[in-house]
Structure formats: C-alpha cells, structure tokens
Amino acid sequence: MLDVRFVCENMDLVEERLKLRGKQIDLTEIKKLANERLELLYTYETNQQLLNKSQNEMANLDKKSEEFAKKRDELKEISEQSKKAKTRLAEVLESLDKLILYIPNLPQESVPVGASEEDNVIIKTWGVKPSFNFTPKNHWDLGDTDYMDFERGSKITGTKFTVMKSYAAKMERALINLMLDTHGEAGYTEIFPPFLVNRTSMTGTGQLPKFEEDAFKIEGTDYFLVPTAEVPVTNLFADEIIPESELPIKYAAYTACFRKEAGSAGRDTRGLIRQHQFNKVELVKITTPETSDLEHKKLLEDAERILQKLNLHYRVVELCGADLGFSASKCFDIEVWLPGQDNYREISSVSNFLDFQARRAKIRYKSESEKKNSLAHTINGSGLAVGRTVVAIFENYQQEDGSIIVPEVLRPYMGGLEIIPSIVK
RNA sequence: GGAGGAAUGGCCGAGCGGUUUAAGGCGGCGGUCUUGAAAACCGUUGUACUGAAAGGUACCGGGGGUUCGAAUCCCUCUUCCUCUGCCA
C-alpha cells in the first residue's frame, strides 16, 4: 500500500501517477480520515498523559479519604473520554486501511504511457523464430490425449484442469528441476513453502482484499490456495526486521499455483495456456531501495536464462501503465514464441514492487550506516511458468511426424531421452 | 482428536493491582585500562505513532472486560511444549 502520509502531502502527484494506470481515484476521503486520526490521537494522548501523571498521587492517598473519592471521580471522567477517543480512533484506522488497501501502487516515472497491452514496449528480442517446412501444430494436437488429457481432467475435476501423462508429466518434473538447479547456481536459495496461505499473507502481497474473487478459498477455514509462490515466500519476512548485511535475499520456489481466472472466461479455452492449476518456479528478492532497480533487471536476466538454455525464441516487453498489476510499480513480461499459435505468449512476469508490499507486510531492514529501520523493497518474477514452457517446447521442437525433440539441456533430467515419440494419427 | 502446561525485551529470566521508569543476567555496541587481546570496570541497548525539537503516547502472544489505575484479576482466541490417539 501507499504511505498515507505521502498521499496526504502529495495528493496531486499521486492522482497524476495513478492516471498512468488509466484510472481516476479520489483521495479526499483518505485525507479527511487522516486528519481525523491526528485529532483523535491528540485527544487520546493528552488524556492518557493526565491519567499517567496521577498514578503516584492516587497510590499515596488514603483510600478512604474524601479527597481520594473526589479525585477518583475526576479521573473516571477523563478515562471515559480517553476510551471514547480510542474507540473512534480504531474505527477511523479501519476505514483508512480499507481505503488505502484498495489503491494500487504508483507506476514508476519511466513506465510507458498506454491504454492497453497494445501499448507495451518491446525492449528486447532473443533468438529467432524456428522455421518449419510444414505447418506447425498446436501443442494440443501434438499432446492430446496420451500426453495431455484434457477431457479426463474435466471429468475428474472440471474445465481448465488437465492431466499430464507419460513424457509430458516427466517433462513438467524435469523442467522444475532444471529451473531450480539453474537458479540455485545463480545464488538463489531453494524454498518449498506451504501451498495454502492465510488472509494476512494474501493481503501482504496485494492479492487481497481487492481480488478475492480470483483466489480459491478453502471452505470452513481462512486459508487460500496459493495463486503464486510469491505469496508464501515474500511473506516469510512479514513483520520482521532484516539486518542489511543479509540483503539482497534471493529465493527460488516451486509451487503449484491456483487461480480462478475470474473474468477471463472464453479466453484460451483450448490447451494448457490458461489453467486453474499450473506449476511455476518463482524468484523472489528482498532488497534495499538503493539496489532494487538493479536487482530487478538482474532477476529478469535470471528468468531469461532458462529460455536461453532451452534455446527458445522470446521477446521482452515493458508493460505500460494500463497493463501493470495492482502491486507493481514496473514490470517486464517475457513472451515466448509459440509457432503453433503463431504468436508470442507471456511465460514470465518480472515486477518491482518498491516498498508497496513491504509496507503491507511490514518487511523492514536495519540500515547499517544510519542504524535505523526502513521498509525493504520486494521484487519477483516467474522463472518460469512450467506448463507454458512445456507448451513452448512441444510447439518449437516438433517435427513433421509429430514427434518432439527434447532440448539438450533437459535430457539429463529425462533419463537421457532424446525424442518424444509421436502420438499424432 | 483427547488431556495437561506455557507465552515477559536480541536471548535467558524475575515480577504482592499503584516507586515498574519492566529487576537481574547473557549477548551486542561505545568507552576506560593494555603494545595488542582477555579479564575487570563504566556507559548504552527494542518497535510504532506523534512532534521542528525537547518530549509525549502505546506495546509484557492477539482481542475484549473489571478498575481512577492491569504484565499482574476475569473472559476469549492464537501459537508453542509434554503426554496420548489416528496417520503418509
């Protein structure tokens, strides 16, 4: 969330920056509540001071004296006023929280202006599109049903759940290991977190309260299925103060991810692209404000490395204001080339949140030079979405007969397998 | 799932409703002494809000209550430990 104080003192700037997201947001109610908070705080603290100062006096008075009774009644009056202010203060804070938690992060100044994803800016292209002397197939034509069983997935669970089988199942597992090993070599510590998180964690990283309809909730509990490993891993440091010497913290985590995909009904109905459950390896960094921009760019490179190892053609786009996620201040998407769809598709999203998540989750660090505590910066990115990587391999490495060449770097992870036999009839 | 016990500062550990301004110890930091170190001694020590500052307020697992006044009494929730049941 944004700093209430900053919002009140820079209302014009904040409104201007939020416009980059294509949204008009009214901040006057926030300012009103913030002022009331200060007034109440003053009333409460003045009364408390009076009460505290009377402590010794009361202790030393004869409990049966008239003076004691008189003083007691006097203090009772003050105490009641104090409690009233405190109650009202709690209400004001709650309303204030409610408002501020729904306000998205400010886009960084460098973020391109735009109205939709059409306005994202391509900043890099790596590799070349593979050429085929035949018409490349979709991954579902290459995989259905012996490698990817869409129908039985729907039967046992529901639509947008798929059963991975045989070499495709092995490839999911192999990719997870390849990704975790690669990131491990780059200095990321491996984390295997719980797949269920509580409401506080979901709020800390910004999935709640605004996007509850996107999350799967376990009935009868306050637990949510993780929509991304970002949630458990970033919240590892919630409510903690990290010594600066330990920064940057670099974590890599595999989890299954669960998303309701509310609002995207009718899109990507076929194939593995959009699923309610998918595997993902996520990279998370906690940094100081000074280094977050650099670490953001380095994290992008770490994610790109996987595609480079797999020799998959991709491009990097910087998201324009309108396409930016709620918590992000700046975001790069990596889009892999999918010949079967004749299109680039997002396979990784690498965001810098600055102190937006840190303020929500209370992730701080102790500065060595100044000996004070400050909010940390958080960064994360997919490294990569595993299911979509399988899609990319199937479509980019297909041969005319429908068999699929296993990328060399993946072979040691698949028992030396070189070719996935064709099941195309 | 059942039965007990516990929760106090970075850590350990005291704490009869009002000199608690949370004792004491350890650790950390600074200093004295020393060629250097150790030891000893002295000082210091968290977080948030508020304030220009001095300072003030709050925080003894969370929330509520009793009281002029709660770390202390009451209710409730959570977490951890021990024993026990079931279990990959």
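We name chains A, B, ... by the order of the sequence lines, and we start the count at 1 in each one.
Aromatic rings from A:Y147 and A:H139 are positioned such that their centres are separated by 6.0 Å or more. For A:Y167 and A:F394, the distance between ring centers is not under 6.0 angstrom.
Between A:Q49 atom CD and B:rG69 atom C1' there is a gap of 16 Å when expressed in whole angstrom units. What separates NZ of A:K86 from C1' of B:rG65 is a distance of 12 Å, to the nearest Å. Atoms CD (A:Q48) and P (B:rA70) sit 9 Å apart, rounded to a whole Å. Taking atom NZ of A:K76 as the reference point, atom C1' of B:rG69 lies 12 Å away to the nearest angstrom. Going from atom OH of A:Y223 over to atom C1' of B:rU78 covers 10 Å, rounded to whole Å. With rounding to whole Å, A:M58 atom CE is found 12 Å from B:rA70 atom P. For A:L51 and B:rU67, the CG to C1' distance is 12 Å, given to the nearest whole Å. Here the C1' atom of nucleotide B:rG46 and the CD1 atom of A:I241 are 8 Å apart, to the nearest Å.
Using atom C1' as the reference point in both B:rA71 and B:rG15, the two lie 8 Å apart (nearest Å). B:rG51 and B:rG2 are spaced 50 Å apart, taking the P atom of each and rounding to whole Å. To the nearest whole angstrom, the two P atoms, one in B:rU84 and one in B:rU67, are 46 Å apart. Comparing B:rA54 with B:rG62, their C1' atoms are spaced 34 Å from each other, to the whole Å. Here the separation of B:rG31 from B:rU50, taken at their C1' atoms, is 34 Å to the nearest Å. A gap of 9 Å separates the C1' atoms of B:rU8 and B:rG13, to the nearest Å. Nucleotides B:rC60 and B:rA7, compared at atom P, are 14 Å apart to the nearest Å. For the P atom pair drawn from B:rA37 and B:rU32, the interatomic distance equals 11 Å after rounding to whole Å.
Proximity of A:R364 to the phosphate of B:rG46: no side-chain N or O atom is located under 4.0 Å from OP1 or OP2. Side-chain nitrogen and oxygen atoms of A:K366 include at least one within less than 4.0 Å of the OP1 or OP2 phosphate oxygen of B:rU47. A close approach under 4.0 Å does not occur between any side-chain nitrogen or oxygen of A:N52 and OP1 or OP2 of B:rG56. Between B:rC49 and A:R37, no contact under 4.0 Å exists linking OP1 or OP2 to a side-chain N or O. Contact annotation: A:K83 reaches the phosphate of B:rG69 (side-chain N/O to OP1 or OP2, under 4.0 Å).
Look at B:rA54: it lacks any Watson-Crick or wobble partner with both distances under 3.5 angstrom. Pair assignment for B:rG27: B:rU45, on the basis of Watson-Crick or G-U wobble contacts that are both within less than 3.5 Å. Within the shown strands, nothing qualifies as a pairing partner of B:rA71 under the Watson-Crick or G-U definition with both distances less than 3.5 Å. For B:rU19, there is no paired base (Watson-Crick or G-U wobble, both distances below 3.5 Å). As the counterpart of B:rU82, B:rA3 is assigned, both hydrogen-bonding distances of the Watson-Crick or G-U wobble pattern falling under 3.5 Å. When both distances must be under 3.5 Å, the Watson-Crick or G-U wobble mate of B:rC60 does not exist. With a cut-off of 3.5 Å on both pairing distances, B:rU34 has no Watson-Crick or G-U wobble partner at all. With both pairing distances under 3.5 Å, B:rC87 is matched to nothing as a Watson-Crick or G-U wobble pair.
The residue A:D73 sits apart from the nucleic acid: no heavy atom pair falls under 4.0 Å. When heavy atoms are screened at a 4.0 angstrom cut-off, A:Y44 is found touching the sugar-phosphate backbone but no base atom. Counting any heavy atom pair closer than 4.0 Å across all strands shown, A:I78 reaches no nucleic acid atom.
Between A:H276 and A:F161, the ring-plane angle classifies as tilted under the 30° and 60° cut-offs.
By the 4.0 Å N-to-carboxylate-O rule, A:R305 lies too far from A:E301 to be salt-bridged with it. A salt bridge links A:E91 to A:R88: one of the charged nitrogens lies within less than 4.0 Å of a carboxylate oxygen. A salt bridge between A:K70 and A:E67 is absent, with no side-chain N of the basic residue lying under 4.0 Å from a carboxylate O of the acidic one.
Among the nucleotides B:rU57, B:rU47, B:rU50, the one closest to any side-chain atom of A:L41 is B:rU50. Of the candidate nucleotides B:rG18, B:rC68, B:rG51, B:rG18 has the atom nearest to the side chain of A:A59. Across B:rC68, B:rU47, B:rU50, the shortest atom-to-atom separation from the side chain of A:S79 is found for B:rC68.
For A:K210 and A:Y102, the positive end is not near the middle of the six-membered ring at less than 6.0 Å and at most 45° from its axis.
In the displayed structure, A:E408 atom CD is contacted under 6.0 Å by at most 12 heavy atoms of other residues, nucleotides or ligands.
Sequence order on RNA chain B of the closest nucleotides to A:R5 and A:Q55 puts A:R5 first from the 5' end.
Remark: the A:E45 side chain and the B:rG56 base include a donor-acceptor N/O pair separated by less than 3.5 Å.
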